[in-house]
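To start, the structure itself, in structure tokens.
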Amino acid sequence: MPTCTINNVTCDFEEGQTILEVAQANDLEIPHYCWHPGLSVVASCRICLAEVAAPNPRNDGKIETIPKLLPACQTPAGDGHVITTTSEKAVQSQHSVMELLLINHPVDCPVCDQAGECGLQDYAYRYGHAGSRFQEDKIKQPKKDIGPHVLLYSDRCIMCTRCVRFTEEITGTSELMIDGRGAIESIDVFPGRALDNPMSGNVVDLCPVGALLDKDFLFTQRVWYLKSTPSIDGLTASGDNIFVEHNAGEVYRIKPRQNMDINRWWITDEVRQGWRFIQAEDRLLMPVIADSNAFARDSADEAWDVAESAALNGLQQAAHLATMVSPMLSCEDAWHVANLARAIDPQAVLGVGPVPYDGDDQTMQDGFVIRAEKAPNTRGVRRVLESFGGPVLEASGFEAALRKDDSIVGVLLTGNYPSQWVTPQFREAIGEGRFVVMLDTLPNSLTERSNVLLPAATWMEKSGTFENADHRLQSFQQAVHPAKWCKSEAQIAMDLLSQLRGEKPSVYCDAQTRVAMAEAGLPEMLHDVKHPRQEDVQTDSDMHLIVL
Ligand code: FES
């Protein structure tokens, strides 16, 4: 295998790798702005210039320094090359590049959303120098609203062009361009167009400075207060890896988490913005018993005790039970809910809730897939329900069973959809005579009809496992506590089951549940589940770190 030396560290590499790629593979830092592993190489920012010495075949292979500095992001590593970014010449070049980039930068860090995760701040500190020789007036550029999710603060831009290349090379929508030349060149949208594509928010992540900003996150939180919890997209069947970023129990934003097998570096705007229902004003927050006032209870524990007893009594009295497990639930939720249903009625009908679709799958130019299926765990829920034996009905079959089987007197429903999911036909199929227990997050036409309504936790408020459209099982961690008095469906089912059996209640644990599932005939819940990488798990003492 060929080897080279980067800043005195000997590195193996594969033919074709650039110096920057070799450095990154060996945990060596070479500063870079315009380079991104998912985009073409333009070598325009020049911050990565390195001094390279290579064997000269015309001088008996003697190692000689190449007079010009070379861009590490574009120059292939060569066998025997000696590369340095810490020599006087390379450091001088880094100082010059940083001085140039800061000439027209407004240095408005105290009011900039990017402060704390800004590549310009970080490199100015590490690769720049304190003074500026620039005496003239800075060129001022306008702030622009360039799309439904993104604002452009042009005078912070360093013209790395990552955003322009993203719209050309990944989404193929090409809304962005470089306008002008020299000191007055700037990024802009083409006249009459907006940055409006299903993945537009990724340009905010790609921007190494604070030029492109997320409208919904703007001025809401300083990033150094945010904690990141590794999670999985809980809205679609993609299984995209994400970070949930939160502070003091409140979620502020979603960021992509790199997974080269699934979402690479990207997420859709739908995933980035669609989580906000968890903080909806009309979120179901307390247990409710029809014709009773559970709100008057003194404490959450008392309200839950009363409501869970009412739910259990009603379901136990039903001769025959039907249970619908939503594809928005985790495998662990599904397992506990089905376990409860079959403990109450060993012949309980089991069904998977409705699976929302929106058009067809869309494949981006780099292979990233936007899934039409808008539920995170249809396959996982079905897999779990099948392990209980007997037929597992799809939503239409479940609805048909409700219409024709009068012996179904008790119905246990789960929802947890980000929007309205109960159709008039389904509401009608439920009818009036049955005892309905509903575990849900948002009000719908069945919440008022339910005999007992138990407020459920969203996926960010619990831990579990989702199986995506490609049958990949991935676990996710709990980011924030459940809203007000909400509980996960798994915990609610466990509480009801312990009441049913007269046992002491126990606390839900995703790992223990997976062990129990594996013992009950789902070994894949132990062997196939992919967990977040250790480096993605942030501890309380971690600073908010950025990866350019
Ligand atoms: Fe190499 Fe920009 S990162 S020139």
Side-chain angles (χ1 to χ4, degrees), residues 4-7 9 11 13 16-54 65-78 81-87 89-105 114 117-129 156-170 176-178 181-183 185-187 202-212 258 264-265 366 546-548:
C4 64
T5 308
I6 302 177
N7 295 340
V9 177
C11 308
F13 64 92
Q17 278 188 298
T18 62
I19 295 170
L20 184 53
E21 286 167 342
V22 178
Q24 291 210 327
N26 288 276
D27 289 331
L28 300 170
E29 182 178 278
I30 295 182
H32 55 277
Y33 282 127
C34 62
W35 180 84
H36 185 279
L39 302 173
S40 61
V41 178
V42 289
S44 60
C45 75
R46 317 307 279 179
I47 190 70
C48 70
L49 292 187
E51 195 159 4
V52 180
T65 301
I66 297 168
K68 251 175 50 169
L69 296 176
L70 297 176
C73 63
Q74 197 178 41
T75 308
H81 286 192
V82 179
I83 299 139
T84 175
T85 58
T86 52
S87 66
K89 198 169 170 186
V91 168
Q92 184 53 47
S93 165
Q94 291 154 7
H95 284 175
S96 302
V97 170
M98 289 311 302
E99 188 177 8
L100 182 73
L101 291 178
L102 286 165
I103 277 179
N104 283 308
H105 189 83
Q114 192 84 0
E117 56 180 5
C118 176
L120 204 54
Q121 275 184 340
D122 290 356
Y123 285 177
Y125 184 70
R126 296 212 288 275
Y127 301 103
H129 60 85
R156 293 179 186 157
C157 179
I158 59 167
M159 297 305 296
C160 72
T161 72
R162 283 179 176 192
C163 54
V164 177
R165 282 175 283 147
F166 178 81
T167 61
E168 280 171 4
E169 298 165 11
I170 308 298
L176 293 171
M177 62 162 179
I178 301 165
R181 289 288 178 272
E185 74 175 348
S186 65
I187 299 296
N202 290 289
V203 299
V204 176
D205 305 329
L206 283 169
C207 181
V209 299
L212 291 164
Q258 184 184 332
R264 299 163 68 78
W265 303 270
D366 69 339
I546 60 157
V547 180
L548 276 176

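Read the numbers this way: they start at 1 and go in the same order the structure lists the ligands and their atoms.
Classification of the Y33-Y123 ring pair by plane angle, with boundaries at 30° and 60°, yields tilted.
The backbone N or O of H105 lies less than 3.5 Å from no partner atom in the side chain of R156, so there is not a single donor-acceptor pair. Using a distance-only test at 3.5 Å, with no hydrogens or angles considered, a donor-acceptor pair links the side chain of T167 to the main chain of V164.
Near A43, the atoms of ligand 1 lying under 4.0 angstrom from a non-hydrogen atom of the residue are 4 (S). Each of the following atoms of ligand 1 lies closer than 4.0 Å to a heavy atom of R46: 2 (Fe), 4 (S). Within ligand 1, counting atoms from 1 as listed, the ones closer than 4.0 Å to a heavy atom of Y33 are 3 (S). Taking every heavy atom of W35 and a limit of under 4.0 angstrom, the matching atoms of ligand 1 come to 3 (S). Heavy-atom contacts of S44 reach the following atoms of ligand 1: 4 (S) (cutoff under 4.0 Å).
At least one N/O/S atom of C48, whether from backbone or side chain, sits less than 2.8 Å from atom 1 (Fe) of ligand 1. Residue H32: no N/O/S atom is found under 2.8 Å from atom 1 (Fe) of ligand 1.
Taking atom 2 (Fe) of ligand 1 as the apex, the angle formed with SG of C34 and SG of C45 is 110°, to the nearest 10 degrees.
When each of C73, C34, P71 is paired with V41, the side-chain contact (heavy atoms from CB on, under 4.5 Å) condition holds for C73 and for no other.
Residues H36 and F166 form no side-chain contact, since every pair of their non-hydrogen atoms from C-beta on lies 4.5 Å or further apart.
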Show your reasoning for whether side-chain contact (heavy atoms from CB on, under 4.5 Å) applies to D366 and E169.
CA-CA 8 Å; D366 69 339; E169 298 165 11; over 6 Å; no
